[in-house]
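Okay, structure first, notes after.
Every number for a ligand or one of its atoms is a count from 1 in the order of the listing.
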Amino acid sequence: MTRSSHTDEREAHPPGEPDDAEQADERRQPAELFRDLRTSPSGLTSREAARRRLVYGPNVLTRSGGRRWPGELLSQFTQPLAILLALAAVLAWVGGTPALSVAVVAVILLNAGFAFVQEMQAERAVEALAAFLPPTARVVRDEVRCEIAARDLVPGDILVVSEGDRVCADARIIEGTLSLDLSALTGESLPVTRSPEPSDPTGSLLEAHELVFSGTICSGGEAEAIVTRTGMHTELGRIAALSQRVHTERSPLEKQVRRATWIIAVVAVAIGAAFLPIGVAAGLGWTAAIGFSIGLIVANVPEGLLPTITLALASGVRELAAGGAVVKRLSGVETLGSTTVICTDKTGTLTENRMRVTRLWLAGGEMDADRAVHEPQAALLAASAAACTTAQAPTPAQPRGSGDPTELAILRLAEELGVAVVPSQRKAARRTIFPFDAHLKRMSTVNDEAGSATVHTNGAPEAVLPCCTHLLDPRGKSVELDAALRGELSATIDGYAASGLRVLAIAHHVLDDGQKAPAERSATESDLTLIGLVAMADPARDGVAEAVRDAHLAGIRIHVITGDYGLTAAEIARQVGIGHVGSPVLAGDALDRMSDKDLDELLSRRQEIVFARTSPEAKLRICEALRARGEVVAMTGDGVNDAPALRHADIGVAMGRSGTDVAREAATMVLTDDNFATIVSAVDAGRRVFDNVRKFVLYIFAHAVPEVVPFLVFALSGGQIPLPLTVLQILAIDLGTETLPALALGREPAEPGLMSRPPRSRKTGVINRALLFRAWAFLGTISAALVMGGFLFTLWHAGWSPGDPTGSGTPLHQAYLEATTITFVGIVACQIGTAFAARTDRASLFTVGVWTNRLLLWGIAFELAFTAAVVYAPPLQHIFGTAALSPAQLAIVAPFPLIVWGADEVLRWVRRRHDASRSATPATSVISPLTEGRTAEQAG
Ligand code: ATP
C-alpha cells in the first residue's frame, strides 16, 4: 500500500455520489460499521467493489487550480535576463533604431517561448513519474488478501496496514495494533498507538485511537481496518492543499550555470558599454554606436542556457524512468553521474529474492529439503515455521503469493511436506504475534494448539539459539542443548552460510496445560526448544555480475550492507564479483564496537567491504563516514528504519517492488525492478546527461568569440577596418541558428569510454577551465580568425585597402555588403563545425559516428535554410544588410566547418594521448587493489 495518489485527475463523479453526511460514521463499533457499509471481515467481492468504485469515484485527491500556463508563460518575461533585454529594446527605440528594437523584442519573444516549452516539458517529465510508481493497497477481497491500485479502494474494503505503509484511505481498525505517524495531518511526528478498542466519542477525530487516516504512515505493527472514507472525503482530502505542485528545486548544476550566466551577462553589458565610447571615437555616430552596444549585449547574454539544461535533466529523468530507475529530483540525475561508492543490500538487490529451502538440519541428521517428505520431524519443523508467518502462499488469484520471500519459502516447504497452512486457521489459532524485528532478527507467535499455548519462533540462528535451552531429539523428546551440540550447530550453520545459503533456526515452546504465555516478548522468547534449521538459497540475479564489473571499470566501489549472516553475504558478494579474497567481512556487533576513527581508517583503504548483520543505524553511520571522506554515496534500503540513511545518502535508492512506502518516499531514486544493475545504468545515464550539458555549454560559449572579435577589430583599428558584421546579422545568428543544434547536443548518445573513467569529482563544475579554453581560446579563436580572414580577403579582392570608405554610395559598398555577408555565413559555418566538434569530449567523432545524431542534422538543416533565406531573399537582404554570394565566395566559407571540426579532432587526439600516457603510470586506478585481488583469487 502506498501514498494516496495526488494525480491531477478530474474524473466525473457520478450523480449518485454520496456527500459527506452519507459516508459512514467511522466511530461506530465494527459490527455497526459492517452493517452500515454492507461488508464483513472477509471483505467485499470484486463485483461489489467495482460497483462502489462507480458510485464513490476513484480514491484520489483531485487537484483544483485550473490552467497555469498563462502565468508560467508570463513569468518568462519577468526573468532578470528578459528584463535586461527589454531595457536594451527600449534603448534601441529611444536611440533611433526601431528595426533593432523590433529585432530585440523578437529575440525576447522567441526565447521566452522556447524556455516556456522546455520548462513545461521538464515539469511534465517529473509529473509523469507518478505513473511509474502507482500507489497500491493491500485489501481483503473475495475473502483473500490481495494487492490493488490505491485508486480502486472503496468504502467497505478491508484494508491491511503494516509497517512501512502509507495509509491511503480513512479507516477504522478492526483487528491488530499499529503505531501511526500522524505528522502529515497534525505535524506531530511522535508515533501514536492505534488499536480496535473504541475511544471517547467526544474527543477529536484525529485523536480517536481506533482510526487511521489517509496520508499517515504506519511505523510498526499490522492491522486490518474497514475503509470508511476515500478520496476527497478523507481528512487529508479536506485539508489537502488543493493545488499540489511538483516541487522542483534547482539542482547544483542549474545553480552553477545560473551563476555563470550572470557573470557572462555582466561581462556582455560591460563590453557593450565599453564599445560605446570606442565606437564613437572610431567614427561611428552615437546612434550606430548605441545600436552596436545593444547588439553585443543581446548576442552574448546566454538567455536560453538554463531552460535547455533543465530540459536535458528532465529528459534524463524520463529516460531513466523508462529504464527502471525513477529519479524524483532533477538534481538526482546529475548527482548519480558523480557517484563514487554504492552501498547495496543483498537480498532482492544482488539476489533474486526468490528463496527456496534447500537443506534441513534436524537432530537426527541433515538432509535435502526435497528428500524430507516422509520425515515426521521435518514436517514438525515446517509446521512450526509456517505457524510463525504472516505471508500468504500463492493462490490461483495471486500466483506469486504475498509477503516476505523468506516466509514464502517456509510456506512452500510446509506445503511440500504436507503440512500446508490455511490462512484462516493460522489466524484463528493465533493469540499473539511479535512481528519480525530487524534488530532482534527473529519473530514469534503464540498459538492455541490442541488446548495448550505454543510459542513458535523463527529467526537468524544467533538470534534464536540463545533463547533455546533444549533441542528436539529424533524421538521427539527435548534434550538439553549443551555446549557440544551448540558447537556442532555453529559449524553446520557456517557450512551452509559459506555456500551462500540463508539459515533460519526454528524453535518452539509448548506451554503446560492451562499455563498462559507471558505478555512480554523477552519472556515469551525464552526456554525454547530448537526443532532444527532450514537453509534457503536465493540465487544471484542475472546481470548483476556484469553490472558490478561495469561499476568497477567506472571506478566505483561497492560495499554490501546486509542484515544477513556474514558468510552468506560474503559468498553472494564473491559470486557477483564484489570484493576479493581476504576482503573484510564486518559483523554488526564488531562495527558497533569500532571507533569512528577505526571505521574511517577501514573505509579509507579503498577496498570493498561486506557489512553483515547490520542494523539500520549502522547503515546511517557508514553513510556518514563515507560522505565525510568526500565520497558521493548511493545507498539502497527498503525498511522503515532505513529512511534516515536513505535521506542522508547523496542518492537514496529504494525498491519499487519489495520496499516500504516510507523508504520509497525518503529515497531520491526508486528502482521499479529492484535490480542492482539498474543503479549502474542510472550512473551511466547521469554521467551522460552531465556530459551533454557540457557539450551544449561549449557550443553556446564558442560562438561568442567570432561575434565579438569583429567589433574589437573595428574599434582597435580606429575605424580603418569597417565593421565586419552588422548588428542585425548578430541577432539573426542569435535568433535563428543557435538554439536547435544546442538542444540536439543535449540528446547525444553516450561517448565511448564514459564508464571507464573514474567518477567526476563533486567539485568539478560543469564550466571549468578546460571547457573555457576549448570554447574561447580554441574553437572560438579559430572561428574568429577564419571569419575575419574571409571578410578581409573579400574586401581586399575588390581592391580595398585600410581606411577606404565603404559606406552607402561609395564604389566599395557592394563589396562591403558581400564581405559582411561572408562574416555572417562564416560564423554559421563555424557553428556547424563547432557543433560536430562539441559532440564528443574526448573520443574521436568517428567512434561515435558522424551522422548518428539525427536531431543535430535536422538542426543544421534548419540553420542552413535560415541562412540561405537571409542571404538570398531580397526582403531579408534589405533588413539584414546582406548581399547574395557567388559560388566562388561560398567556396571560401565551405571548408570552415571542416577546419574547425578537424582542428578539434586533433586537439582531442592530443588530449587522449596525454591521458593514455598518464594512466600508464601505476596506482592511478581506483580499483587496482580489487583487480589485483581478483587475479590472486583466480590464481588460487
Ligand atoms: P538485506 O539487508 O540485504 O536485504 P536481509 O533481508 O537478509 O538482508 P533482514 O531482513 O534484516 O536482512 O534479515 C536478517 C536476518 O533475519 C535474516 O538473515 C534471517 O536470518 C532473519 N529473517 C529475515 N526475515 C525473517 C522472517 N520473516 N522471519 C524470521 N526470520 C527472518
Side-chain angles (χ1 to χ4, degrees), residues 162-164 222 342-355 357 384-392 401-413 433-445 456-465 467 493 496-497 500-507 525 528 533-538 540-541 544 558-573 576 578 585 587-588 610-619 622 635-642 645-646 653-655 657-660 663 671 674 676:
S162 50
E163 181 175 303
E222 185 177 289
I342 300 175
C343 295
T344 175
D345 53 9
K346 173 186 72 71
T347 312
T349 318
L350 299 178
T351 64
E352 286 185 358
N353 211 7
R354 247 183 278 152
M355 281 178 237
V357 177
S384 171
C388 181
T389 55
T390 54
Q392 305 259 345
S402 82
D404 182 14
T406 307
E407 293 190 2
L408 287 173
I410 290 174
L411 292 179
R412 181 170 168 174
L413 175 75
I433 178 164
F434 296 106
F436 177 71
D437 180 306
H439 288 275
L440 295 174
K441 302 207 188 309
R442 60 176 183 251
M443 157 171 182
S444 299
T445 56
H456 296 280
T457 301
N458 298 346
E462 73 273 29
V464 174
L465 288 178
C467 309
I493 292 163
Y496 286 145
L501 299 177
R502 165 192 282 241
V503 191
L504 251 65
I506 316 294
E525 292 172 334
L528 301 178
L533 305 173
V534 296
M536 40 187 93
D538 181 15
R541 270 173 181 267
V544 168
I558 304 163
H559 299 310
V560 179
I561 307 184
T562 175
D564 214 334
Y565 191 52
L567 285 174
T568 312
E571 170 57 19
I572 296 290
V576 298
I578 297 173
V585 178
V610 173
F611 294 94
R613 292 291 192 228
T614 43
S615 62
E617 293 72 31
K619 252 186 185 176
I622 296 165
M635 163 85 73
T636 68
D638 45 20
V640 180
N641 302 335
D642 289 335
L646 291 177
V653 185
M655 302 302 146
R657 286 199 200 149
S658 60
T660 57
L671 304 180
D674 292 16
F676 176 83

| With a 3.5 Å cut-off and no angle check, do the side chains of His439 and Ser615 form a donor-acceptor pair? | no
| said: Distance under 4.0 Å to a non-hydrogen atom of Glu407: what atoms of ligand 1 satisfy this? | reply: 27 (N)
| Quick one: do the Ser402 and Gln392 side chains pair a donor with an acceptor below 3.5 Å? | no
| request: Would you tell me which option among Gly459, Gly563, Gly639 has the nearest heavy-atom contact to atom 14 (C) of ligand 1? | output: Gly563
| remark: shortest atom 29 (C) of ligand 1-to-protein heavy-atom contact is with Asn458 O, 3.5 Å
| Top protein contact for atom 4 (O) of ligand 1, by heavy-atom distance | Thr347 CB, 3.5 Å
| message | Can a side-chain donor-acceptor contact be found between Thr562 and Asp345 if the only test is distance below 3.5 angstrom? | response | no
| Side-chain (Thr568) to main-chain (Leu501) donor-acceptor, under 3.5 angstrom | yes
| task | Any atoms of ligand 1 less than 4.0 Å from a non-hydrogen atom of Val503? List them with their elements. | result | 20 (O)
| said: Give the atom numbers and elements of ligand 1 that come within less than 4.0 Å of a heavy atom of Asp404. | reply: 24 (N), 25 (C), 26 (C), 27 (N)
| said: Distance alone, cut at 3.5 Å: any donor-acceptor contact between the side chains of Arg541 and Thr349? | reply: no
| Between CZ on residue Phe434 and OG1 on residue Thr445, distance to nearest 0.5 Å | 9.5 Å
| Checking Lys619 side chain against Thr636 main chain: does a donor-acceptor pair fall under 3.5 Å? | yes
| message | Is the contact between Ala438 and ligand 1 made by the side chain, the backbone, both, or neither, using heavy atoms and a 4.0 Å cut-off? | response | neither
| Any sub-3.5 Å donor-acceptor pair from Thr660's side-chain atoms to Asp638's backbone N or O? | yes
| message | If the cut-off is 4.0 Å to any non-hydrogen atom of Ala460, which atoms of ligand 1 fall inside it? | response | 20 (O), 21 (C)
| request: Write out the residue and atom name of the closest protein heavy atom to atom 5 (P) of ligand 1, then the distance separating them to 0.1 Å. | output: Arg502 NH2, 3.1 Å
| query | Among protein heavy atoms, which sits nearest to atom 10 (O) of ligand 1, and what does the distance come to when rounded to 0.1 Å? | reply | Phe436 CE2, 4.0 Å
| query | Near Thr562, which atoms of ligand 1 are under 4.0 Å from a heavy atom of that residue? | reply | 1 (P), 2 (O), 3 (O), 8 (O)
| note | Restricting to heavy atoms, the pick from Lys619, Lys346, Arg613 nearest atom 3 (O) of ligand 1 would be Lys346
